[in-house]
Amino acid sequence: MSKVHNLGFPRIGRERQLKQALETYWRKDMTLAALEETASGLRQQHWRWQQDAGLDLIPVGDFAFYDQVLNISALVGNIPARFQWQGGEVDLDTYFAMARGTHAAHAMEMTKWFDTNYHYIVPEFSEDTRFALSSERLFQEVTEALALGVAVKPVLLGPVSYLFLGKSKSATLDRLSLLPALLQVYQQVLGRLAEQGVTWVQIDEPVLTLDLPAAWLDAFDVAYQSLGQGSLKLLLATYFGDVSAHLPLLGRLPVAGVHIDAVRAPSQLAAFDAAWPADRVLSVGIVDGRNIWRSDLRQKLNQIKPLSHRGDQLWLAPSCSLLHVPVDLDVEDKLDAELKSWLAFARQKLDEVATLGLALKAGEDAVTDALLASSAAAASRQCSPRIHNPAVSARLAAVTEKDATRSVPFAERIALQHAVLHLPAFPTTTIGSFPQTQDIRAARASFKRGELTEAGYLAAMKTAIKVAVHKQEELGLDVLVHGEAERNDMVEYFGEQLAGYAFTRNGWVQSYGSRCVKPPVIYGDVSRPTPMTVSWTQFAQGLTKKPMKGMLTGPITMLQWSFVRDDQPRSTTADQIALALRDEVCDLEAAGIKVIQIDEPAIREGLPLKQADWKAYLDWAVRSFRLSASGVRPETQIHTHMCYSEFNDILDSIAAMDADVITIETSRSDMELLEAFADFKYPNDIGPGVYDIHSPRVPSTDDMVRLLQKACAVIPKERLWVNPDCGLKTRGWAETEAALKHMVAAARQLRQATGVNAA
Ligand code: GLN
Ligand code: ZN
């Protein structure tokens with residue numbers, strides 16, 4: 001029988017119950033038994049929903065108390081020595097210690113899961129790594145599901161992906177040398193699952209969508225020749241990209257089926273149809289598991305119909321695990337009906353898959369109503385005046401290269417800027433936000449609840465701004481900021497003021513562990529009805545004679561941390577946001593603001609998974625940034641800020657952004673990044689972060705002088721700025737003031753030592 005199935009369901013719960021339970025347990029206000037009970041309740045609820053949707057196979061093992069990769073580390077007993085695990089079953093507290101650290105042992109590293117905003121716990125490998133089956137959880141969950149009559153399909157991250165996504169802790173270790181030992185445990189796991197009466201197991205090998213070195217590709221032969229011998233049927237699942245280049249490899253492996261992502265890489269459908277054996281399952285990921293748009297089912301049907309000759313061997317599923325979308329659209333009671341009719345969250349996506357499956361099995365007549373409703377929604381999305389704003393498209397069409405280029409080159413601009421700004425050498429500044437104090441958060445909460453009036457709220461924010469400005473003057477900083485008190489979040493704050501954006505009430509998606517985010521939805525042409533930050537910045541500038549830096553979130557970061565419309569290229573949406581920001585930049589300039597920062601911390605996150613696609617992305621991303629920044633006079637200074645990613649391999653693009661000043665994270669890597677900037681001969685001004693704001697530690701003046709001296713060795717002194725790594729909103733005022741005092745002192749020491757006093 002042809003089957004409809006699912007690759008994974010979000011585990012946080014529709015009301016984020018898992019988050020609440022985890023945090024209560026971590027605070028020691030909940031027992032382990034109660035936490036387990038909450039988790040079990042959530043799993044059962046999620047299985048029931050998937051049964052109700054009519055799925056033929058339902059994932060089990062997709063649940064995780066923290067992360068699915070960490071689950072595998074527990075399953076195979078890969079616990080770093082510092083957690084002092086003694087063998088046996090990995091208990092939940094050891095598991096949480098690995099994710100979150102303890103007093104005695106620092107947490108394992110966390111990194112982004114492919115190009116999603118989900119973060120996984122990076123497995124650690126060393127010469128001492130040994131594997132042993134060390135967790136019963138997967139088998140217990142299978143038992144739990146079987147008892148409920150769930151059509152169980154266990155899900156496991158595959159051994160090659162597990163090794164590839166981990167990190168060697170010793171320079172000499174070849175992670176692949178660990179494969180044979182790891183496979184022994186996987187074999188045991190599969191054996192146990194077979195004993196439980198399971199037929200199909202889904203093994204995820206998403207690394208197949210990356211640029212894999214040959215040795216790693218060869219490892220697939222080794223791995224699956226060994227795992228494919230048992231009685232279980234293996235469905236090798238890939239997602240997030242095209243794997244058609246690996247068709248010969250996949251065809252050789254003794255797996256009963258493959259899953260491919262037909263949303264991100266629709267062209268591979270034809271390739272697989274041509275070459276994938278007809279007697280093996282081809283599971284087509286047909287509904288977008290990464291975005292929240294409702295499918296046009298008619299169009300999806302047309303996409304899969306050519307493969308219907310495959311009969312029972314054609315399966316349908318979402319493109320990837322639904323971990324990346326919110327749980328249930330039904331609870332969105334504040335969205336208006338039209339907008340809501342364009343959306344589908346996890347539960348609705350499963351209904352779509354089931355409808356498509358039914359259409360294949362029983363004919364389109366069996367699903368007439370669903371097809372009609374879906375077509376109506378697609379039509380309304382195509383022609384709704386709320387989506388299309390002719391003024392926006394006309395303006396975008398008229399954009400030329402000149403609009404995306406500053407009127408004079410950096411060397412001339414910086415001279416003009418110096419004449420206006422009168423800054424000392426090694427000018428000091430901060431990244432934008434100052435501590436979001438209890439008072440600030442209480443005022444915002446009370447305003448949202450309707451208890452505090454708008455006037456009352458504005459007054460409270462102005463007080464916070466005054467405090468921040470006065471403290472900065474006392475500290476002797478050179479370029480001030482207003483502190484971002486009025487901003488809850490750097491993307492949401494702007495999204496709420498732009499046309500084309502919508503916000504859900506409960507559209508939460510797991511970011512890591514108990515941490516969830518609620519990305520805004522960009523559904524239509526973006527424009528800026530009125531200025532967004534001008535009055536705040538003007539107010540702040542009025543409090544000081546020092547230059548006040550305007551503070552904006554850049555177009556790529558706005559895009560990267562939202563759900564983006566899928567009916568036009570991402571680059572078009574980025575340019576629309578860029579034009580809206582450009583107006584804001586120009587309005588700030590007109591209001592007398594001389595320095596404007598456009599943050600792009602997420603620019604690297606947008607990089608495509610395959611290097612061959614990098615250039616195209618970087619080209620439009622950089623141009624979009626420049627479009628937002630290039631409307632001002634040469635004497636207006638544009639800053640940008642980036643943090644917490646690798647930048648070495650995209651330096652030419654960072655330079656091409658042509659910001660007058662970039663402030664960038666470097667302190668955690670002890671300024672190593674700067675050497676790359678120096679080798680590359682980064683042309684503009686640069687402020688390498690001189691202290692790590694993610695730690696409460698107050699660095700000494702000497703610490704910062706030492707870092708600055710390192711910077712001076714590789715970057716011309718006239719181009720160096722002095723600033724922290726990132727915004728200070730998560731810190732308290734006491735440590736912030738202490739650290740900034742040392743930072744200003746460090747800059748002064750440097751001015752003296754170098755004899756350079758003016759910029
Ligand atoms: N201006 C922002 C802040 O200071 C930048 C945040 C970030 O880099 N993520 O908070
Ligand atoms: Zn930052």
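Since the model is a prediction, treat every value here as computed from it, not as a measurement. Each ligand, and each atom within it, is numbered from 1 in the order the structure gives.
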Under 3.5 Å between some N or O of ligand 1 and some N or O of [X]?
X	value
Gln597	no
Trp561	no
Ser433	yes
Ile431	yes

What orientation do [X] and [Y] show, parallel under 30°, tilted 30 to 60°, or perpendicular over 60°?
X	Y	value
Trp620	Tyr617	perpendicular
Phe447	Tyr457	parallel
Trp113	Phe240	perpendicular

Q. Can you check whether Val420's main-chain N or O pairs, donor with acceptor, with Gln417's side chain at less than 3.5 Å?
A.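 Pair absent, no side-chain N/O of Gln417 close to backbone of Val420.
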Q: Would you mind checking if Lys710 and Asp703 are paired as a salt bridge, meaning a charged N to carboxylate O distance below 4.0 Å?
A: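 Answer for the salt bridge query: no.
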(Q) With a 4.0 Å cut-off on N to O distance, would you call Asp525 and Arg565 a salt bridge? (A) yes
Taking 4.0 angstrom as the limit and counting only heavy atoms of [X], give me the atoms of ligand 1 inside it, by number and element.
X	result
Gly432	4 (O)
Cys643	8 (O)
Gly727	3 (C), 4 (O), 10 (O)

Q. Tell me, do Tyr493 and Thr533 make a side-chain contact under 4.5 Å, heavy atoms counted?
A. yes
Q | Side chains of Asp587 and Met532 in contact at under 4.5 Å (non-hydrogen atoms) | A |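 Side-chain contact under 4.5 Å: no.
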Q: Answer yes if the side chains of Thr663 and Asn723 hold a donor-acceptor pair under 3.5 Å, and no otherwise.
A: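 There is no such pair (donor and acceptor under 3.5 Å, judged by atom type) between the side chains of Thr663 and Asn723.
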Q. How does Met551 reach ligand 1, if at all, at less than 4.0 Å between non-hydrogen atoms: by side chain, backbone, both, or neither?
A.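 The answer is the side chain.
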Q: Answer side chain, backbone, both or neither: which part of Cys726 comes under 4.0 Å from ligand 1, heavy atoms only.
A: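 Under 4.0 Å from ligand 1, Cys726 contributes side-chain atoms alone.
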Q. Hey, would you say the Phe96 and Trp26 ring centroids sit under 6.0 Å apart?
A. yes
Q: Starting from atom 9 (N) of ligand 1, locate the nearest protein heavy atom and write down its residue, its atom name and how far away it is, to 0.1 Å.
A: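 Here the closest protein heavy atom is Met490 SD, 3.6 Å.
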**Q.** For atom 5 (C) of ligand 1, closest protein heavy-atom neighbour
**A.**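 Atom 5 (C) of ligand 1 sits closest to the protein heavy atom Asp599 OD2, 3.4 Å.
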Q.
Among Ile593, Thr636, Leu552, exactly one meets side chain to side chain contact (heavy atoms under 4.5 Å, CB included) together with Val585. Which residue is that?
A. Leu552
Q) For the Zn ion (ligand 2), how many protein N, O or S atoms come closer than 2.8 Å? A) 3
(Q) Please compare His639, His641, Met642, Glu665 and report which has the shortest non-hydrogen distance to atom 8 (O) of ligand 1. (A)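 The option holding the nearest heavy atom is His641.
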Q. What closest approach, in Å, do Leu477 and Leu740 show between heavy atoms, and which atom pair accounts for it?
A.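 Looks like CD1-CD1, 4.3 Å.
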